[in-house]
Protein chains: 2
Amino acid sequence: MAPTSEILTAERILEATEEVLRRHGPAKATVVDVARALGVSHGSVYRHFRTKAALREAVTKRWLDRTSGELAGIVAADRDPEARLRDWLATLFAAKRRKAGEDPELFATYMVLTGENGTVVREHIADLTGQLTRIVEAGVESGAFAAGAGPGTTALALFHATGRFHDPCYAREWEEPGIEADFTAVMDLLVRALRA
Amino acid sequence: MAPTSEILTAERILEATEEVLRRHGPAKATVVDVARALGVSHGSVYRHFRTKAALREAVTKRWLDRTSGELAGIVAADRDPEARLRDWLATLFAAKRRKAGEDPELFATYMVLTGENGTVVREHIADLTGQLTRIVEAGVESGAFAAGAGPGTTALALFHATGRFHDPCYAREWEEPGIEADFTAVMDLLVRALRA
DNA sequence: CAGCTGACAGATTTCAATATCTGTCAGCTG
DNA sequence: CAGCTGACAGATATTGAAATCTGTCAGCTG
């Protein structure tokens, strides 16, 4: 039995929901399962989340925010912009690839969740392209990057051009042998385009 | 009733199969349906295609070959390589977008088929990147493009970097308003990388 | 006798009855 | 009385029996 003594918080419900999703998968994870895992009635879960969809959305947001957090440090680092750009994209790729490779079923679960929660995903992507924009801005200011079409537009183009290495729809191909070489080839091309 | 007088050929079976797929969708299209559409018994269909999977694979190949054919003309054209590159990628994007937009259900059907037939899709992609390689080679020879990492590697990088504008997994986003600007931004970046 | 048919076995899909889940709320409990 | 429970109505999912489909092949037909 789960600890019934502690008070029920949104945080504890989210943790239990992640565990239930991990165990049962997205199709079979029910609110009743979450309540059972917490040793409460399912009515109590609805006190913190209005609907099952809202609960799943919150779990999705938590998951995506973890990735954003990992990358924020690279944006803030005091290094030359080209190295930061390469590091940022390589870290994003490595993080996604690790998650997809280590636990494919859990990754598939999160792919279902992101498919359900377009708004949360759009906000996440806006967050990521915002981080990229700051790196591009730093590059233009320092003179390392050519001005081009404006930092925001360039950052978005960089994000789109590297989709193959962070978009979950390509997850299957991240295990293929040539993928590292493919990533390097695209990165080299893009860096060449940016240089002043 | 369909014309029973004509002899049954692989070609006629493929046409009927496309029609059945269009009408019933990939999940409900059966070999019996195809046979009925042709006014023959389903045993006759198995005389030309060993399995249902082989029949669907042949339909997939036919469909993909049509796109390849459209693009081959641009590769052969006698124009400057940068214009040919832009035209080739823009035409690929436009063709995919048109197919996805005009008949979304049929496009969804073909997405299912391509998902089933990895080998045929890989051959199609090898064909497309081969075409791109020839354009890049022409550019390097004429001095318009910098040599870079070799035409094959560069062509593959260009194909990967523009995935957002031809990979079916992005089909939903091809109807969004900013998509043309996104395409132009990525193209401009890539062309900048190529210029000598 | 080349090409087609149609009956067949085993695999797969459909459908309707049955069970479970979602979201609400009146009332219990500490 | 704030927070939780558990019964409930309607929606959704599961299940297993019946229907259909796939792939084969012996025999028919022009």
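Chain naming here is simple, since letters A, B, ... match the order of the sequence lines and numbering starts at 1 in each.
- Note: B:F107 and B:W174 have perpendicular aromatic rings, judged against thresholds of 30 and 60 degrees for the angle between ring planes.
- Every residue meeting the side chain to side chain contact (heavy atoms under 4.5 Å, CB included) condition with A:A58, not counting sequence neighbours, appears here in chain and number order: A:L14, A:F49.
- In this structure, the ring of A:F93 has its center less than 6.0 angstrom from the ring center of A:F183.
- Nucleic acid contact class of B:V32 (heavy atoms, under 4.0 Å, all strands): base.
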Give each protein N/O atom lying under 3.5 Å from an N/O atom of nucleotides 28-30 of chain C, with the pair distance.
none

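- A side-chain donor from one of B:T30 and B:D33 sits under 3.5 Å from a side-chain acceptor of the other.
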Inset, instruction - Report the C-alpha separation of B:L158 and B:L85 in whole Å, then their side-chain angles, then the decisive distance to 0.1 Å, and conclude whether the side-chain contact (heavy atoms from CB on, under 4.5 Å) test is met. - result: CA-CA 10 Å; B:L158 287 169; B:L85 177 67; 4.0 Å; yes

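- Taking atom CG of B:D33 as the reference point, atom P of D:dC21 lies 6 Å away to the nearest angstrom.
- The CZ-C1' distance, from A:R36 to C:dT22, rounds to 14 Å in whole Å.
- Side-chain contact, B:T67 with B:K99: a donor N or O sits under 3.5 Å from an acceptor N or O.
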Tabulate protein N/O versus nucleotide N/O from nucleotides 5-10 of chain C, keeping only pairs under 3.5 Å, one per line.
residue : atom : partner : partner atom : Å
C:dT5   : OP2  : B:S41   : N            : 2.8
C:dT5   : OP2  : B:S41   : OG           : 3.4
C:dT5   : OP2  : B:S44   : OG           : 2.6

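- Considering every non-hydrogen atom in both A:L189 and B:A193, the closest pair reads O-CB, 3.0 Å.
- Taking B:E18 as the reference, B:R22, B:V59, B:R62, B:R66, B:Y110 meet the side chain to side chain contact (heavy atoms under 4.5 Å, CB included) condition, with sequence neighbours excluded.
- Rounded to whole Å, the distance from OH on B:Y46 to C1' on D:dT24 is 10 Å.
- Here the C1' atom of nucleotide C:dT12 and the NZ atom of B:K28 are 15 Å apart, to the nearest Å.
- Within the structure, the salt bridge (Lys or Arg N to Asp or Glu O under 4.0 Å) test picks out no pair touching residues 122-149 of chain B (sequence neighbours left out).
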Inset, instruction - Would you check, one step at a time, whether the test side-chain contact (heavy atoms from CB on, under 4.5 Å) holds for B:L128 with B:W88? - result: CA-CA 10 Å; B:L128 291 183; B:W88 192 91; 4.0 Å; yes

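- Taking for each of B:H48 and A:T30 the nucleotide of DNA chain C with the nearest heavy atom, the 5'-most of the two is the partner of B:H48.
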Inset, instruction - Show your working on side-chain contact (heavy atoms from CB on, under 4.5 Å) between B:R86 and B:D188 and close with a plain yes or no. - result: CA-CA 9 Å; B:R86 281 183 180 274; B:D188 288 350; 3.0 Å; yes

Inset, instruction - Using Watson-Crick or G-U wobble pairs with both distances under 3.5 Å, give me DNA chain C in dot-bracket, 5' to 3', with [ ] for crossers and | for pairs to another strand. - result: ||||||||||||||||||||||||||||||

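- Atom pair B:L8:CG and C:dA2:P shows a separation of 17 Å (rounding to whole Å applied).
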